[in-house]
Amino acid sequence: MTSAPGRAGPVGDDPVVVVGGGVVGLCAAYYLAAAGLPVEVVERRALGSGVSRGNVGWVCLSHSTPVPAPGVVRYALRSLGRPDSPLYLRPLPDPAFVRWLWRFWRSSTPAAFRRGYAAIAELNHHTFDLFDGMREAGVTTTLTRPGMVHAFLSPSEARHHLAIQREMADGHYPMPDDVTTGPDAQMLDDALSPDVRAAYLVEGEGVVDPEAFARGLGEALAAAGVKVHENAEVTGFRSAAGRVTALRTSQGEIPCGAVVIAAGMHSSQLLRSLGRPLPLQAGKGYSFSVDLDPAPRHTLYFGERRAVASPIGGTTRIGGTMELSGNNNRLDWRRIVAVALASRHYLGRWFDDPDDLVGLIRDPWVGGRPFLPDGLPLIDRVPGHQNAFAATGHGMLGVTLGPATGHRLAEYVLTGRRPEVLAPFRFDRLGR
């Protein structure tokens, strides 16, 4: 990491304090420090221990889309009472949850989906360049770009999916002309089973070990002199004249010249204390690791079942599901079993009976990924506070969009002017 020594910048002599030690928060801290600002990070547990720890590590262009999409609400309603469904909705007697679902439904029109997709694609445009820049500066990103194989049990489903993706890509990233069908489909990746009857490869899509990436960012920040407060929970803020002057934490007060709230689901509570609560809901995802032979060489997307697999750290991480069941991190073992069963259609019978899974899989994980009802992240200044900023609501795209978010947010903090690319992710859209 390079920086401009001695530059205090527009925030004054006190540090910019980033709340949140996941990939998004660490990327924001990285680019702020690289710009020469004094920076500190506050994380209520350990760096990279939240949603960043157990995800499948995709860095991709072809799957960077808002979750609210045409037909998704109808699909979710069919999941009622079916905990094995890829998208599982469990209604809660909570007016805030009902309001969130209503706004989610309002955001699932074709026009809203296309606007959201275009906004994410524009923010995502230089993602791989940013990862390259981090690597060249000495950050252990662990990024590889094996490409992503989309596998299907039905050729017609594969062609339908490819047609949609080609239309959305609109030449911004390479897509194949057609699908590979029959036995040749398995040749795209040795791990695919004979049940896969169609597949296509999107070249250049990437994967990181998310836990190792967070660790690499933490090491780069430490080398740059950034102070990290782990196991420190932010309990409130001290403000004066429209500026946050200090954070109250379980380890005492920390003075600040500016604050960036990038604390995942916890961001809503923190922003509420600044008078700006967020309608965040946890989109719970599940994953686990398993040793397969042969193991996938690419990242894999299992089309009909909406499950995924990634080669990470010498093993295979399998994940999937979107569970809307409230803001909690309760692990429902039935969901782990459902993901494993879904993967067996595409990877073969790597287990015979669900009872075998306890001995086969490692690190079963559930994480509450933060979602706003329109499926877009929030990356903006906090209204009413000149020096408070928020970066949250990235859902399943925290690893992909982390560098882009951090880079653009650092520009915003430095200049005081919102970069045009961040306009779709502003606060005031949530009030409409």
Side-chain angles (χ1 to χ4, degrees), residues 23-24 26-27 30-31 48 52-65 117 120-151 161-162 165-166 168-177 179-180 185-192 199-217 220 287 289 292 294-303 307-320 346-347 394 396-407:
V23 166
V24 172
L26 292 174
C27 285
Y30 173 86
Y31 286 108
S52 296
R53 184 181 73 82
N55 66 67
V56 295
W58 283 9
V59 180
C60 63
L61 304 180
S62 60
H63 277 265
S64 294
T65 64
Y117 178 87
I120 292 172
E122 184 63 24
L123 178 62
N124 212 11
H125 186 68
H126 297 292
T127 285
F128 286 113
D129 294 334
L130 293 171
F131 270 97
D132 287 344
M134 284 184 172
R135 177 182 50 78
E136 291 165 4
V139 179
T140 304
T141 67
T142 73
L143 176 69
T144 60
R145 300 184 64 178
M148 182 184 297
V149 172
H150 298 66
H161 199 275
L162 176 60
Q165 280 203 296
R166 284 180 58 82
M168 298 305 296
D170 194 25
H172 294 300
Y173 49 86
M175 292 291 297
D177 294 326
V179 302
T180 302
Q186 300 158 48
M187 297 177 64
L188 292 181
D189 195 293
D190 294 339
L192 295 176
Y200 59 89
L201 170 65
V202 179
E203 296 182 349
E205 298 289 52
V207 62
V208 301
D209 179 333
E211 198 169 4
F213 179 36
R215 188 165 56 247
L217 285 166
S287 74
S289 297
L292 298 178
R297 293 179 292 109
H298 307 82
T299 58
L300 303 178
Y301 174 73
F302 306 140
V308 301
S310 293
I312 293 179
T315 188
T316 300
R317 184 169 297 171
I318 298 174
Y346 303 85
L347 296 173
H394 288 71
M396 296 182 290
L397 300 177
V399 171
T400 291
L401 294 180
T405 296
H407 183 254

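Counting begins at 1 with the first residue of the sequence. Keep in mind that what you see is a predicted model, and the values were worked out from it rather than measured.
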Review point. What do the steps show when you test L162 against M175 for side chain to side chain contact (heavy atoms under 4.5 Å, CB included), and what is the final call?
Key: CA-CA 8 Å; L162 176 60; M175 292 291 297; 3.6 Å; yes
Check your understanding: So, for Y30 and A137, which heavy atoms are closest and what is the spacing to 0.1 Å?
Key -> OH-CB, 3.4 Å
**Study point:** Interatomic distance, Y200 atom OH to H150 atom NE2 [nearest 0.5 angstrom]
**Key:** 4.5 Å
Check your understanding: Taking C-beta and beyond as the side chain, do W58 and V399 meet within less than 4.5 Å on heavy atoms?
Key -> no
Check your understanding: Yes or no on side chain to side chain contact (heavy atoms under 4.5 Å, CB included) for T400 and H394, after CA distance, side-chain angles and deciding distance?
Key -> CA-CA 9 Å; T400 291; H394 288 71; over 6 Å; no
Exercise for review: Could you note down all residue pairs passing side chain to side chain donor-acceptor pair (under 3.5 Å) where residues 202-212 supplies at least one of them, sequence neighbours left out?
Suggested key: S62-E205
Check your understanding: Does the side chain of Y173 come within less than 4.5 Å of C60's, by heavy atoms?
Key -> no
Review point. How far does CG of L397 sit from OG of S64, to the nearest 0.5 angstrom?
Key: 5.0 Å
Practice item. Specify the closest pair of heavy atoms between S52 and P210, including all atoms of both residues, with the distance to one decimal. Key: O-CB, 3.0 Å
Practice item. Spell out, as yes or no, whether a donor-acceptor pair under 3.5 Å connects the side chain of T141 to the backbone of L143. Key: yes
Check your understanding: Step by step, would you call V208 with F131 a side chain to side chain contact (heavy atoms under 4.5 Å, CB included)?
Key -> CA-CA 10 Å; V208 301; F131 270 97; 4.1 Å; yes
Practice item. Would you give the length of the straight line joining atom CZ of R215 to atom OG1 of T142, rounded to the nearest 0.5 angstrom? Key: 9.0 Å
Practice item. Please tell me if the side chains of P146 and V207 come closer than 4.5 Å, counting only heavy atoms from C-beta onward. Key: yes
Point to revise | Note, H126 side chain near H407 side chain (heavy atom, < 4.5 Å) | key: no
**Study point:** Rounded distance [0.5 Å steps], OG1 in T299 versus CZ in R145
**Key:** 11.5 Å
Practice item. Check whether any side-chain heavy atom of L192 lies under 4.5 Å from a side-chain heavy atom of L300, and answer yes or no. Key: yes
**Study point:** Closest contact, heavy atoms only, V149 versus L188
**Key:** CG2-O, 4.1 Å
Point to revise | Donor-acceptor contact present, side-chain T405 to main-chain V24, <3.5 Å | key: no
**Study point:** Heavy-atom side-chain contact between C27 and L217 under 4.5 Å
**Key:** yes
Check your understanding: Is the backbone of A295 close enough, under 3.5 Å, to the side chain of T316 for a donor and an acceptor to pair up by distance?
Key -> no
Review point. So which heavy atom on A220 is nearest to which on V139, and how close?
Key: CB-CG2, 3.8 Å
Check your understanding: To the nearest 0.5 Å, what is the distance between CE (M168) and OG1 (T65)?
Key -> 7.5 Å
Review point. Roughly how far apart are F213 CZ and L26 CG, rounded to 0.5 Å?
Key: 8.5 Å
Exercise for review: Would you mind reporting whether I120 and L401 have side-chain heavy atoms less than 4.5 Å apart?
Suggested key: yes
Practice item. Applying ring pair (Phe, Tyr, Trp, His ring centres under 6.0 Å), name anything that partners H298, two or more places apart in sequence or on another chain. Key: none
Review point. Taking the side chain as C-beta and beyond, is there a heavy-atom pair between V202 and Y301 under 4.5 Å?
Key: no
Check your understanding: Quick check: does any side chain N or O of T127 sit under 3.5 Å from a backbone N or O of N124, one acting as donor and the other as acceptor?
Key -> yes
Practice item. Would you please test D190 and R297 for side chain to side chain contact (heavy atoms under 4.5 Å, CB included) and show each step? Key: CA-CA 8 Å; D190 294 339; R297 293 179 292 109; 4.1 Å; yes
